[in-house]
Amino acid sequence: MSNLNTERVLEVRHHTDRLFSFKTTRDPAFRFVNGQFTMIGLEVEGRPLLRAYSMVSSNYEDNLEFFSIKVANGPLTSRLQNIQVGDPILIGRKPVGTLVQDALLPGKVLYLCGTGTGLAPFLSVVKDPDVYDRFETIVLVHGTRFISEQAYDGFITDTLPNDELIGDLARAKLKHYPTVTREPFVHNGRITSLLDSGKLQADLGLGPLNRDTDRVMICGSPAFLKDMVEMLEGRGFEEGAISGPGHFVVEKAFVEK
Ligand code: FAD
């Protein structure tokens with residue numbers, strides 16, 4: 001297991017019967033770029049059972065945090081949802097991922113668009129002081145079916161603006177746009193439709209999507225990614241990578257099996 005660290009669970013928070021978050025200890029040698037993911041899991045019958053997870057914590061924090069689905073009968077999450085403080089967790093030592101700021105061309109407005117647990121990598125990004133240097137405005141968009149699934153709403157609206165390191169920057173530059181599809185809320189509708197129609201931007205006092213100034217990071221279901229990419233490419237946006245920065249970057253929040 002040389003490619004895995006064994007960390008300990010420090011805290012578990014259950015948001016709903018489908019969502020929970022947990023914090024673990026962090027090996028100081030485990031370095032990552034905000035927005036990346038790594039393989040994490042549990043030892044089951046003497047072997048590691050691992051799945052990809054985005055770090056919610058930022059790379060300067062002492063602990064690691066993850067935001068997780070609970071899949072009924074899911075090999076990992078049917079077990080992981082029962083973890084308790086003090087339990088061991090396996091954390092892969094090689095973080096990777098496409099949702100990194102160096103894969104984007106310079107711009108003015110950065111849209112971070114996540115559905116469900118696809119919010120996770122963007123929580124790491126909005127705690128990163130660098131992102132506030134690079135962009136004039138950061139728009140954090142979280143789409144869920146129900147209000148109860150807006151699991152980090154209180155963190156984004158109350159904790160972050162008062163954070164010692166990031167609070168001033170977040171208050172000046174971060175705009176939060178939570179939207180739900182299945183019950184009335186402050187914002188309703190699918191992220192793709194809200195961006196395509198320009199309603200989301202108008203609600204925030206921003207102009208229509210513009211590839212000269214706007215950059216987009218996307219993380220969600222495969223269907224959401226497909227719709228977003230089609231919409232952005234239709235407007236001339238090109239996908240970026242570290243080897244060739246572009247106007248948007250994409251990562252699946254999970255794989256359909
Ligand atoms: P699996 O057998 O892995 O999944 C069973 C089915 O459950 C999938 O086919 C899919 O239909 C559904 N499913 C799985 N994960 C999700 C999800 N997150 N949201 C909605 N439906 C899902 N999961 C997280 O909870 N948090 C993360 O930060 C996260 N980051 C990921 C990053 C990447 C790059 C990828 C590819 C996946 C990520 N996942 C994340 C999904 C994760 O790897 C597992 O699929 C998930 O933990 C369920 O594991 P499982 O073994 O219980 O079920």
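In each ligand, atom 1 is the first atom listed, and ligand 1 is the first ligand listed. Predicted, not measured: the structure shown is a model, and the values here were computed from it.
Atom 50 (P) of ligand 1 has L76 N, 3.6 Å as its closest protein atom, hydrogens excluded (heavy atom only). The protein non-hydrogen atom at the shortest distance from atom 47 (O) of ligand 1 is Y53 OH, 2.7 Å. In terms of protein heavy-atom proximity, atom 52 (O) of ligand 1 is nearest to T77 OG1, 2.6 Å. The closest protein non-hydrogen atom to atom 45 (O) of ligand 1 is R51 CD, 4.2 Å. Among protein heavy atoms, the minimum distance from atom 19 (N) of ligand 1 is reached at F254 CD2, 3.3 Å. Among all non-hydrogen protein atoms, the one lying nearest atom 2 (O) of ligand 1 is K257 NZ, 3.0 Å. Given atom 8 (C) of ligand 1, the protein heavy atom at minimum distance is V255 O, 3.3 Å. Atom 25 (O) of ligand 1 has as its closest protein heavy atom I69 N, 2.8 Å.
Y152 and H15 have tilted rings, their planes meeting at an angle from 30° to 60° on a 0 to 90° scale.
Counting heavy atoms closer than 4.0 Å to ligand 1, residue V71 contributes side-chain atoms (C-beta onward) but none from N, CA, C or O. At a 4.0 Å heavy-atom cut-off, ligand 1 touches F37 through the side chain alone. Both the backbone and the side chain of E256 come within 4.0 Å of ligand 1, judged by heavy-atom distances. When non-hydrogen atoms are compared, ligand 1 lies under 4.0 Å from neither the backbone nor the side chain of F66.
Listed by number with element, the atoms of ligand 1 under 4.0 angstrom from any heavy atom of G74 are 50 (P), 51 (O), 52 (O), 53 (O). Proximity to K252 (heavy-atom distance under 4.0 Å) selects the following atoms of ligand 1: 32 (C), 33 (C), 34 (C), 35 (C). Each of the following atoms of ligand 1 lies closer than 4.0 Å to a heavy atom of S68: 25 (O).
Using a cutoff of 4.0 Å between basic side-chain nitrogens and carboxylate oxygens, D212 and K108 are not scored as salt-bridged. A salt bridge is absent between E45 and R47; no separation between the charged side-chain nitrogens and carboxylate oxygens falls under 4.0 Å. Using a 4.0 Å cut-off between charged side-chain N and carboxylate O, D27 and R93 make no salt bridge. Remark: R211 engages E238 in a salt bridge, criterion side-chain N to carboxylate O under 4.0 Å.
Considering each of G118, G116, S54, P121, the one bringing a non-hydrogen atom nearest atom 28 (O) of ligand 1 is S54. The heavy atom nearest to atom 38 (C) of ligand 1, considering only S221, C219, A253, is found in A253.
At least one N or O atom of T117, backbone or side chain, sits closer than 3.5 Å to an N or O atom of ligand 1.
Atom CG of D62 has 12 or fewer neighbouring heavy atoms from other residues, nucleotides or ligands inside a 6.0 Å radius. Atom NZ of K70 sits in a crowded spot, with more than 12 heavy atoms from other residues, nucleotides or ligands closer than 6.0 Å.
Of the candidates I242, V249, V125, N34, V100 forms a side chain to side chain contact (heavy atoms under 4.5 Å, CB included) with just one, namely I242.
Nearest heavy-atom pair across G220 and L225 is N-CD2, 3.5 Å.
T25 places no side-chain N or O within donor-acceptor distance of the main-chain N or O of E7, the cut-off being under 3.5 Å.
Atom-to-atom distance recorded for F37:CZ and L99:CG is 9.0 Å, nearest 0.5 angstrom.
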